[in-house]
Amino acid sequence: LIRHAVTAETRTGRMSANGTTPLDEGGRAQAAAVGARLAGRHFDLVLASPVARAWETAALSGLGDQAEACEAVVEWDYGRYVGRPSDDIRAEAPGWNLFADGAPGGESPTDVLARLEPVLARLRAATGPVAVVSHGHLLRALIACWLDLPLQHAGRLVVDPASITVLGRHRAIPSLLLLNDRNHLAEIES
């Protein structure tokens, strides 16, 4: 799982819309670093959110030629919270948890779970390596579903921009093998 690299909105902690927000200069460098990290790796399937920031991350990381646009992995629809910093939302609504409460005027947790089911079915049926290039909240929901954890706990997972997370099986049990790996970004962030 690859989270898209940074954008101007990502840097400010704002809830981004599923629009045309491109990567910023630092984000383009991050996406290239993801590509260097994945160099030589083969994927049988690459699913990418068609939202600009994720699609650009896939392209700059060398996965664009293989990528299949997958609407099911676009970011959570934040409804009335689009463009707002999450800290401001929590100040206004103490205890708010996107993964338990959803977003007013946007998607509920049930909505997100329903659109992730076909993706999970494809991941479970895969016989070779799969890459998914998507968004922070959506990837946390996907990880929780893969692990069969209650969705309301997905917020405890950290999935930073341009990070790599690896899901797999350990003794035939769906497992989290690597979470939020950012080692490939060390040189550009120092």
Side-chain angles (χ1 to χ4, degrees), residues 1-7 9-11 13 16 18 21-76 98-99 112 116 119-120 122-149 151 153-170 173-190:
L1 309 179
I2 301 158
R3 181 174 171 193
H4 69 78
V6 295
T7 69
E9 286 183 337
T10 309
R11 289 188 190 281
S16 298
N18 284 322
T21 306
L23 300 180
D24 64 16
E25 183 178 333
R28 288 188 291 279
Q30 286 182 332
V34 169
R37 172 72 183 278
L38 298 177
R41 298 272 326 258
H42 166 76
F43 295 97
D44 289 352
L45 175 65
V46 177
L47 301 176
S49 164
V51 174
R53 59 193 180 272
W55 196 257
E56 187 177 3
T57 298
L60 292 172
S61 65
L63 300 173
D65 291 343
Q66 293 179 262
E68 172 188 323
C70 180
E71 290 288 336
V73 297
V74 300
E75 183 58 290
W76 202 296
L98 176 68
F99 300 100
V112 171
L116 280 178
V119 174
L120 287 161
R122 290 182 80 179
L123 296 180
R124 290 179 184 125
T127 57
V130 176
V132 178
V133 183
S134 187
H135 310 268
H137 288 114
L138 194 282
L139 288 174
R140 288 190 262 173
L142 183 61
I143 295 164
C145 290
W146 178 262
L147 298 173
D148 202 25
L149 297 174
L151 185 59
H153 298 301
R156 297 173 188 226
L157 302 166
V158 176
V159 180
D160 288 325
S163 67
I164 297 172
T165 294
V166 180
L167 303 178
R169 290 182 180 83
H170 179 71
I173 298 170
S175 302
L176 178 60
L177 305 178
L178 181 68
L179 178 65
N180 199 45
D181 181 15
R182 302 179 76 249
N183 290 325
H184 52 282
L185 303 175
E187 285 187 27
I188 63 173
E189 293 182 346
S190 57

Atom pair [atom1]/[atom2] of [X] and [Y] - distance to nearest 0.5 Å:
X    : Y    : atom1 : atom2 : result
E56  : R28  : CD    : CZ    : 6.0 Å
L149 : R140 : CG    : CZ    : 14.0 Å
R3   : S49  : CZ    : OG    : 12.0 Å
L63  : F43  : CG    : CZ    : 6.0 Å
N183 : I164 : CG    : CD1   : 9.5 Å

Please name the pair of heavy atoms, one in [X] and one in [Y], separated by the smallest distance, quoted to 0.1 Å.
X    : Y    : answer
A5   : G27  : CB-O, 3.1 Å
S16  : E9   : OG-OE1, 2.9 Å
I173 : S175 : O-OG, 2.7 Å
H184 : V34  : NE2-CG2, 3.6 Å
P174 : L147 : O-CD2, 3.7 Å

Less than 4.5 Å apart, any side-chain heavy atom of [X] and any of [Y]?
X    : Y    : result
L116 : L138 : yes
T165 : D181 : no
L23  : T7   : yes
E75  : V112 : no
D160 : L185 : no
I143 : L167 : yes
D44  : V130 : no
C70  : V119 : yes

### Message
Around atom CZ of R124, are there more than 12 heavy atoms from other residues, nucleotides or ligands closer than 6.0 Å?
### Response
yes
### Salt bridge present between E189 and R182 (N-O < 4.0 angstrom)
yes
### Message
Does N18 form a side chain to side chain contact (heavy atoms under 4.5 Å, CB included) with R53? I'd like the steps, not just the answer.
### Response
CA-CA 9 Å; N18 284 322; R53 59 193 180 272; 3.9 Å; yes
### Query
Checking side chain to side chain contact (heavy atoms under 4.5 Å, CB included) for the pair C145/L120: CA distance, chi angles, key distance, verdict?
CA-CA 8 Å; C145 290; L120 287 161; 3.4 Å; yes
Counting only N and O atoms by type, is there a donor-acceptor contact under 3.5 Å from the side chain of [X] to the main-chain atoms of [Y]?
X    : Y    : answer
S163 : V159 : no
W146 : G168 : yes
Q30  : V6   : yes
H42  : G128 : no

### Query
For the residue pair H137 and F99, does the interplanar ring angle fall in the parallel (under 30°), tilted (30 to 60°) or perpendicular (over 60°) class?
tilted
### Query
Per the side chain to side chain contact (heavy atoms under 4.5 Å, CB included) rule, which among I2, L142, V51, L139 passes with S134?
L139
